[in-house]
Amino acid sequence: MSFQGKKNNEKQEKIVEMFDDIAPTYDKANRVMSMGIDKSWRRKACMLSYEFLAQDSINRIVDVACGTGDMMDFWRESAEKSGIALGEIVGVDPSNGMVDVARKKYPKFNYHISKATEIPLDDASSDILSITYGIRNVVEREEALKEFNRVLKKDGLVVILEFMKNENPSFIAKLMNFYTNKILPKVGGFISKNLEAYEYLPNSIESFSTVENMQTELESAGFEMLYTKSFSMDISTLLIARKK
Ligand SMILES: C[S@@+](CC[C@H](N)C(=O)[O-])C[C@H]1O[C@@H](n2cnc3c(N)ncnc32)[C@H](O)[C@@H]1O
């Protein structure tokens with residue numbers, strides 16, 4: 001393994017350990033910090049993806065970095081509302097702690113303890129692959145995007161929700177940045193008793209990709225962009241792309 005590979009491995013392991021540590025309080029902290037605003041973004045992501053896919057029945061949806069499982073349940077609920085027959089929902093995440101919580105909440109879904117770069121599913125076996133507030137934590141992003149392309153069927157969709165780096169923030173966006181950089185870490189740190197983990201949130205957004213860069217990376221990995229939109233004063237961005 002190269003020096004860079006070793007460094008990446010150590011960084012990735014530290015991130016996963018941090019999620020193991022905050023797993024028991026993750027949902028509570030998330031509820032307080034997001035004030036439920038993420039629910040509408042998640043529903044929108046599911047409904048739009050179902051419209052783009054335009055199928056009455058879907059065999060498999062994979063949710064990578066599934067964490068405590070809520071996005072999987074949004075896929076289920078939105079399919080039910082849209083009258084879509086949905087086969088299997090699979091969650092993939094390297095954190096045992098996060099997946100333990102998900103398994104208790106949603107025992108009907110299937111799970112794999114695994115990284116985004118090593119998804120234990122066959123080539124061209126999935127219709128939709130989502131990653132919500134997860135891609136920022138994937139150190140080897142280029143490999144992960146290739147892996148997403150591998151497991152998706154032709155015309156399958158990759159759906160990303162994320163806090164992206166904004167290089168030209170508006171006045172309101174600057175105020176929001178103050179809130180995420182200075183206030184949120186204290187709230188999350190108080191609930192989880194792990195301040196370091198919640199200080200990681202603003203730092204990881206700052207060092208993350210811009211929307212334009214993410215689009216270029218998706219195209220290089222073999223996807224065609226279908227949809228990009230930022231919500232709620234550009235706090236969160238939804239990207240949907242199709243495997244060519
Ligand atoms: C902020 S949580 C998001 C959880 C969930 N998707 C949601 O929307 O609430 C980030 C998740 O990414 C996972 N993660 C970290 N590194 C990862 C990797 N290399 N591959 C896949 N998931 C990873 C963490 O274990 C954690 O569960």
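Keep in mind the model is a prediction, meaning the values are calculated, not measured. Note that these values count all heavy atoms, side chains included, but never hydrogens, waters or copies made by symmetry. Remember, it's 1-based here, ligands and their atoms both numbered in the order they're listed.
Using a 4.0 angstrom heavy-atom cutoff, R136 does not count as in contact with ligand 1. Residue D70 places every heavy atom at 4.0 Å or more from ligand 1. Under the 4.0 angstrom criterion for non-hydrogen atoms, Q12 is in contact with ligand 1.
Residue-level proximity to ligand 1 for M71 is absent, since no heavy atom of it falls below 4.0 angstrom. Neither the backbone nor the side chain of E140 has a heavy atom within less than 4.0 Å of ligand 1. Residue contacts with ligand 1, taken as heavy atom pairs separated by less than 4.0 Å, involve C66 solely via the backbone atoms N, CA, C and O.
From F19, atom CZ reaches atom NZ of K14 across 13.0 Å, with rounding to the nearest 0.5 Å. To the nearest 0.5 Å, atoms CG (L157) and CG (L226) are separated by 6.5 Å. Note that the CG atom of D127 and the CG atom of L53 stand 6.0 Å from one another [nearest 0.5 Å].
In summary, R43 and E77 engage in a salt bridge, as defined by a charged side-chain N under 4.0 Å from a carboxylate O. At a threshold of 4.0 Å, the pair E88-R60 counts as salt-bridged, since one of the basic side-chain nitrogens sits closer than that to a carboxylate oxygen. D73 and K105 are not joined by a salt bridge, as no carboxylate oxygen comes within less than 4.0 angstrom of a charged side-chain nitrogen. Between K7 and E10 no salt bridge is recorded (no basic side-chain N to carboxylate O distance below 4.0 Å).
Heavy-atom proximity to atom 27 (O) of ligand 1, evaluated over D93, I131, T132, is greatest for D93. Of the candidates A116, G69, A23, A65, A65 brings a heavy atom nearest to atom 4 (C) of ligand 1.
In this structure, K28 forms no cation-pi arrangement with Y26, as its terminal cationic atom is not both closer than 6.0 Å to the ring centre and no more than 45° off the ring axis.
A donor-acceptor pair is defined here as one N or O able to donate and one able to accept, closer than 3.5 Å; no such pair exists between the side chain of K244 and the backbone of G222. Under the 3.5 Å distance criterion, the side-chain polar atoms of E140 are left unmatched by any main-chain donor or acceptor of N8.
When each atom of ligand 1 is checked for a heavy atom of S95 under 4.0 Å away, the hits are 25 (O). In the vicinity of K115, heavy-atom distances shorter than 4.0 Å reach the ligand 1 atoms 20 (N). Listed by atom number, the atoms of ligand 1 under 4.0 Å from G67 heavy atoms are 4 (C), 27 (O). Taking every heavy atom of R42 and a limit of under 4.0 angstrom, the matching atoms of ligand 1 come to 7 (C), 8 (O), 9 (O).
In summary, the side chains of N9 and E13 do not present any donor paired with an acceptor at a separation below 3.5 Å, with no hydrogens or angles considered.
Annotation: N30 places no N or O atom under 3.5 Å from an N or O atom of ligand 1; distance criterion only. Below 3.5 Å of separation, one finds an N or O of Y26 facing an N or O of ligand 1.
From the protein, the heavy atom lying nearest to atom 1 (C) of ligand 1 is Y133 O, 3.2 Å. Given atom 23 (C) of ligand 1, the protein heavy atom at minimum distance is P94 CD, 3.4 Å. Closest to atom 15 (C) of ligand 1, if we only count protein heavy atoms, is N137 CB, 3.6 Å.
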